[in-house]
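Okay, structure first, notes after.
In each ligand, atom 1 is the first atom listed, and ligand 1 is the first ligand listed.
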Amino acid sequence: MTAPHVIFDRVSFSYGDRSVIPDLSLALSERRVGLIGSNGSGKSSLLRLVHGLAQPTGGTVTTVGLNTKTDRKKIPSRVGFLFQDPDRQIIFPTVGEEIAFGFEERGLTRQEAQREARSWLSRYGRSDWLERGVHELSEGQKQLVCLISVIALQPDLILLDEPFASLDLRTRLAFAKQLAALPQPLIMASHDLNFLARFDRILWLEGGRIRADGPPEDVLTAYDAAARAQPEVIS
Ligand SMILES: Nc1ncnc2c1ncn2[C@@H]1O[C@H](COP(=O)(O)OP(=O)(O)OP(=O)(O)O)[C@@H](O)[C@H]1O
Ligand SMILES: [Mg+2]
């Protein structure tokens with residue numbers, strides 16, 4: 001097993017008075033880690049903590065060897081993050097600028113960055129999107145732009161918060177194939193249990209605690225059974 005790319009050491013996290021993660025310790029070294037759990041169970045919060053977008057109230061988070069508090073500024077160049085809501089991710093008016101931005105951040109000239117953006121869009125058969133206004137795109141199209149911009153930068157670790165939520169079936173299948181082939185480790189929150197079935201490890205969160213942790217054949221089966229046992233509960 002390789003060195004852990006994420007370590008939580010006695011991590012707690014609150015929004016004001018509301019405790020979201022009471023006390024979490026874990027080490028993740030697997031290539032594909034899935035996060036499941038009901039709405040509000042803490043999946044997005046955990047991913048935000050991994051990236052340093054949220055800071056723990058107590059304890060420490062170490063991501064790709066960096067302390068997310070003291071080394072916070074170094075994390076974006078090493079770790080890609082796909083937000084659950086594309087509107088929180090997108091900064092620029094056009095698709096080309098949005099994808100080029102990350103390359104400029106990494107020191108490429110504007111021209112080189114635009115060339116990269118063009119090349120990545122054509123790789124996904126979306127060359128005609130270069131000049132498109134991002135906010136004219138549909139939800140699924142925006143999500144695709146965000147996914148392309150994360151993958152294009154080839155970070156050391158990729159965090160995906162429900163990347164497939166708005167994608168149509170064909171795009172979802174194409175992306176699932178792409179993600180499966182990526183060499184980097186991924187941590188992905190998802191309600192798509194079929195996709196997670198091929199992962200190495202699944203964490204099932206409830207109330208910010210780990211309810212189950214293990215291979216998909218055990219954890220997904222238990223999660224599915226628990227959900228079916230309480231079909232009337234809307235959380
Ligand atoms: N900005 C916020 N301010 C206060 N509380 C928040 C905020 N964002 C999330 N929470 C609370 O934190 C808890 C965990 O939320 P989180 O978004 O991590 O859940 P989740 O598992 O990602 O849910 P979902 O499946 O709906 O995406 C919830 O109880 C939620 O109400
Ligand atoms: Mg979420």
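Remark: R78 engages D156 in a salt bridge, criterion side-chain N to carboxylate O under 4.0 Å. Ion pairing between D224 and R228 holds under the 4.0 Å rule for side-chain N and carboxylate O.
A donor and an acceptor atom, one from each side chain of E116 and S119, are nowhere located under 3.5 Å apart. When only modelled atom types and interatomic distance are considered, D161 and S44 share a side-chain donor-acceptor pair under 3.5 Å.
Angle OE1(Q84) to the Mg ion (ligand 2) to OG(S44), rounded to 10°: 80°.
Residues lining ligand 1 at a heavy-atom distance below 4.0 Å are given as Y15, R18, V20, S38, N39, G40, S41, G42, K43, S44, S45, Q84, E162, H191, ordered by chain and residue number.
Annotation: the span from Q84 atom CD to E162 atom CD amounts to 4.0 Å, rounded to 0.5 Å.
The ring of F101 has its center no closer than 6.0 angstrom to the ring center of F103.
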